[in-house]
Amino acid sequence: MTITPLFFLCFIIPLVHSNVQTHSGPSSHIMHSFHEDRNGSKFSWHGSCTKKDISISQSRETLSGIPQYVVQIMNTCVSSKCAPYNIHLHCGWFASARIINPKLFKRLSFDDCLVNGGKPLTSSQIIRFTYSNSFLYPLAFKSAKFC
């Protein structure tokens, strides 16, 4: 049959090599950012981590009531020499109707939110939390300490 190889070539291979990751559940919008090195790898294999290795994604979880957004912050650097720490994000006047564990994510001042209580974010570790607000807050890397 020619349908199976055609399906594999047209749908499966592009999905595996794309920068978009799928998410099951009621989410209606997914944003992901990964660093790709020169070889196309989504994880950094170099000796030290950089700001490009901090992946931040958000997805909407609810379709009714106050919108809820799931945030995932991940260190994609596979170097075990030193994990980034004291990670800060641009976050505007971030606020949530739902309480967020301040050890995971805390707004310190306007446009300055601290991730993981300032502790190192180890390789492939994911900080995940849900917030509720009438709109999505843009979150972007601001600063971190790297070895």
Side-chain angles (χ1 to χ4, degrees), residues 7-8 10-147:
F7 177 79
F8 184 77
C10 293
F11 297 103
I12 302 302
I13 291 176
L15 181 63
V16 170
H17 291 290
S18 72
N19 276 344
V20 177
Q21 294 203 345
T22 59
H23 180 283
S24 61
S27 295
S28 60
H29 185 5
I30 300 171
M31 295 182 294
H32 287 274
S33 62
F34 284 99
H35 166 64
E36 283 196 28
D37 65 14
R38 286 181 275 251
N39 299 324
S41 173
K42 291 181 183 173
F43 291 89
S44 293
W45 298 97
H46 49 80
S48 61
C49 302
T50 69
K51 68 181 184 177
K52 293 180 181 179
D53 295 310
I54 307 297
S55 171
I56 305 163
S57 66
Q58 293 192 61
S59 61
R60 186 170 173 166
E61 274 292 301
T62 58
L63 299 175
S64 62
I66 298 175
Q68 292 184 4
Y69 301 94
V70 175
V71 176
Q72 292 191 132
I73 304 164
M74 179 178 172
N75 173 10
T76 62
C77 181
V78 294
S79 172
S80 61
K81 293 179 182 178
C82 179
Y85 63 98
N86 201 23
I87 301 169
H88 291 257
L89 301 184
H90 291 286
C91 58
W93 284 114
F94 182 88
S96 175
R98 178 184 183 139
I99 295 174
I100 300 169
N101 182 345
K103 293 179 181 179
L104 296 178
F105 190 78
K106 181 179 181 181
R107 181 171 57 86
L108 302 175
S109 62
F110 173 73
D111 208 32
D112 186 18
C113 290
L114 182 64
V115 176
N116 201 28
K119 295 177 184 172
L121 190 61
T122 60
S123 179
S124 299
Q125 180 183 359
I126 298 173
I127 299 297
R128 185 178 195 270
F129 63 89
T130 302
Y131 70 92
S132 298
N133 205 308
S134 55
F135 59 90
L136 180 141
Y137 278 95
L139 302 175
F141 179 84
K142 183 175 185 175
S143 67
K145 301 283 185 181
F146 298 95
C147 295

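Every heavy atom of this structure was used, including side-chain atoms; hydrogens, water molecules and symmetry mates were not.
- The CG atom of L104 sits 10.5 Å away from the CG atom of L114 when rounded to the nearest 0.5 Å.
- Within the structure, the ring-ring contact (aromatic ring centres under 6.0 Å, His included) test picks out the following pairs touching residues 96-118 (sequence neighbours left out): W93-F110, F94-F105, F105-F129.
- Scanning all heavy atoms of the two residues, the minimum distance from L139 to Q58 falls at CG-NE2, 3.6 Å.
- Here the side chain of T62 pairs a donor or acceptor atom with the backbone of Q68 at under 3.5 angstrom.
- Qualifying side-chain hydrogen bond (donor to acceptor under 3.5 Å, both in side chains) partners for Y85, counting only residues two or more places apart in sequence or in other chains: none.
- Between L89 and V115 there is a side-chain heavy-atom pair separated by less than 4.5 Å.
- Residue-environment remark: CG (L108) exceeds the threshold of 12 foreign heavy atoms within 6.0 Å.
- Around atom CD1 of I126, more than 12 heavy atoms belonging to other residues, nucleotides or ligands sit under 6.0 Å away.
- Interatomic distance, SG of C91 versus NZ of K106, reported as 12.5 Å (0.5 Å rounding).
- Taken to the nearest 0.5 Å, the OG1 atom of T130 stands 13.5 Å off from the CZ atom of R60.
- Annotation: side chain of D53 is not in contact with side chain of P84 (no heavy-atom distance under 4.5 Å).
- Using a distance-only test at 3.5 Å, with no hydrogens or angles considered, a donor-acceptor pair links the side chain of Y131 to the main chain of Y137.
- The CD1 atom of I54 sits 10.5 Å away from the CE atom of M74 when rounded to the nearest 0.5 Å.
- Within the 3.5 Å criterion, the main-chain N or O of L121 finds a donor-acceptor partner in the side chain of N75.
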Show your working on side chain to side chain contact (heavy atoms under 4.5 Å, CB included) between D112 and K142 and close with a plain yes or no.
CA-CA 8 Å; D112 186 18; K142 183 175 185 175; 3.6 Å; yes
Let me see the working for N133 and S96 under side chain to side chain contact (heavy atoms under 4.5 Å, CB included), right down to the final yes or no.
CA-CA 6 Å; N133 205 308; S96 175; 5.9 Å; no
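- Residue S143 holds its OG atom at 10.5 Å from NZ of K51, rounded to the nearest 0.5 Å.
- The line from OH of Y69 to CD of E61 is 11.5 Å long, rounded to the nearest 0.5 Å.
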Could you go step by step and tell me if I87 and N116 meet the side chain to side chain contact (heavy atoms under 4.5 Å, CB included) rule?
CA-CA 8 Å; I87 301 169; N116 201 28; over 6 Å; no
